[in-house]
Enquirer: 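Submitted below is the structure of interest, expressed as structure tokens.
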Amino acid sequence: GQDLEGRPAGNAEALLFAEEFSVLMSGRNKEVGLAKSLASLYGCPDGPKEYRTKTAGSNFLFNVCINLLAATTPRWIVDGFPQDAVGEGLMGRTIFVYFGVEPARVNFDDPFDKGLRKELEDRLVKITGLEGQFQYAPEAYQFIKSWYHAFRHEPYPADERTRPFHNRYLDHALKLAMILAISDGPRLVIEKAHLDAAFRWMEEIRLSLPDALVELVLDPKAKNMEKA
């Protein structure tokens, strides 16, 4: 990218990893409106994104791409998730992967496969070098057109808590399909198989979402929730 004066500028890429989402969203981060900032950056905006500070002027972010992987509990969503984050759309931009029971623990006593690690590292290097726009394979393009036409005629969810997820269902599915595509190889092409897998995951998430949000009671003032 370039800065506002035409000079080269680096990409604003970040992976946020929080073992406890409550820690990330509490204290100073909650006071300065981190949830609102994350929601505004969700779409990887084109052009510079201005971030204003109280004492140090403005910073500009270029080619923003932020990914967040965090863990929390249904109870904390009630106690700690900012209510304005519901109204302003961060909840709709979040994929809640819910497990009602603790998954089986992985045994790490076996020696780590160094060859596998090297292969993964090499593939990640190739992925980070990808540039450009994803394209649909012909069969995938026809599939997504038919799917979208059918989806538009589906009834709106009766459960208000799940409506933000419903509104961004396709966005989430396409992002998963892109991840699956580059996992198959360094090509920016979405095949129908990638869409099939992505929609299977989305259906699993959709069915478990009421359990993830079971303790959430919506604030009547969160008027923007359905528009998120």
Enquirer: Quick check for you: to the nearest 0.5 Å, what is the distance between M178 atom CE and L130 atom CG?
Expert: 12.5 Å
Enquirer: With side chains defined as the heavy atoms from C-beta onward, is the minimum distance between F134 and L174 less than 4.5 Å?
Expert: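 Not touching, per the 4.5 Å side-chain cut-off.
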Enquirer: Between F96 and F199, is there a shared hydrophobic cluster once you connect ILVMFWY residues whose side-chain heavy atoms come closer than 4.5 Å?
Expert: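 Same cluster: F96 reaches F199 through Ile, Leu, Val, Met, Phe, Trp or Tyr contacts under 4.5 Å.
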Enquirer: Quick check for you: to the nearest 0.5 Å, what is the distance between D184 atom CG and I179 atom CD1?
Expert: 12.5 Å
Enquirer: Identify whether L124 and L69 are in the same connected component of the hydrophobic contact network (ILVMFWY, side-chain heavy atoms under 4.5 Å).
Expert: no
Enquirer: Looking at E203 and R206, is there a salt bridge between them, counting it only when a charged N and a carboxylate O are closer than 4.0 Å?
Expert: yes
Enquirer: Looking at K192 and D196, does any basic side-chain N land under 4.0 Å from a carboxylate oxygen?
Expert: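 A salt bridge links K192 with D196.
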Enquirer: Centre of Y169's six-membered ring, under 6.0 Å away, within 45 degrees of the axis: is that where NZ or CZ of K175 sits?
Expert: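 No cation-pi geometry.
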Enquirer: Which heavy atom in P74 sits nearest to a heavy atom in A212, and how many Å separate them?
Expert: CB-O, 3.5 Å
Enquirer: Take L170 and I144 through the test side-chain contact (heavy atoms from CB on, under 4.5 Å) and record every step on the way to the result.
Expert: CA-CA 9 Å; L170 181 58; I144 200 67; 3.8 Å; yes
Enquirer: Is any side-chain heavy atom of Y156 closer than 4.5 Å to a side-chain heavy atom of N167?
Expert: yes
Enquirer: According to a 4.5 Å side-chain heavy-atom criterion applied to Ile, Leu, Val, Met, Phe, Trp and Tyr, with indirect links allowed, do F99 and F165 form part of one hydrophobic cluster?
Expert: yes
Enquirer: Look at the side-chain heavy atoms of Ile, Leu, Val, Met, Phe, Trp and Tyr, link any pair under 4.5 Å apart, and say whether M202 and Y136 land in one connected group.
Expert: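 M202 clusters together with Y136.
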Enquirer: May I ask whether L38 and Y42 are part of the same hydrophobic cluster, defined by side-chain heavy atoms of I, L, V, M, F, W, Y residues being less than 4.5 angstrom apart, directly or through others?
Expert: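 In one cluster with L38: Y42, no.
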Enquirer: If you measure from CG on L41 to SG on C65, what distance do you get to the nearest 0.5 Å?
Expert: 10.5 Å
Enquirer: Give the minimum heavy-atom separation between D113 and G115, together with the two atoms involved.
Expert: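 The answer is OD1-N, 3.0 Å.
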Enquirer: Would you mind reporting whether R168 and R93 have side-chain heavy atoms less than 4.5 Å apart?
Expert: yes
Enquirer: Answer yes or no: is there an ion pair linking R117 with E121, defined by an N-O contact shorter than 4.0 Å?
Expert: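 Looking at R117 and E121, the cut-off is met.
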Enquirer: Would K118 and D122 pass as an ion pair if we require N to O under 4.0 Å?
Expert: yes
Enquirer: Would a 4.5 Å heavy-atom cut-off, applied to side chains only, mark K145 and Y141 as touching?
Expert: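 Yes - at least one pair of side-chain heavy atoms lies under 4.5 Å apart.
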Enquirer: For A181, is there any backbone N or O sitting under 3.5 Å from a side-chain donor or acceptor partner on R187?
Expert: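 No, the answer is negative, given that no donor and acceptor are paired below the 3.5 Å cut-off.
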Enquirer: List the atom of A197, the atom of L180, and the distance in Å for their closest heavy-atom pair.
Expert: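 Taking every non-hydrogen atom into account, CB-CD1, 3.6 Å.
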Enquirer: Ring centres of H166 and F151 under 6.0 Å apart?
Expert: yes
Enquirer: Please list, chain by chain and in numerical order, all residues satisfying side-chain contact (heavy atoms from CB on, under 4.5 Å) with A177, sequence neighbours excluded.
Expert: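 A177: side-chain contact (heavy atoms from CB on, under 4.5 Å) contacts with I190, H194, L195, A198.
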Enquirer: Which heavy atom of R123 sits nearest a heavy atom of I182, and at what distance?
Expert: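 Minimum heavy-atom separation between R123 and I182: NH2-O, 4.5 Å.
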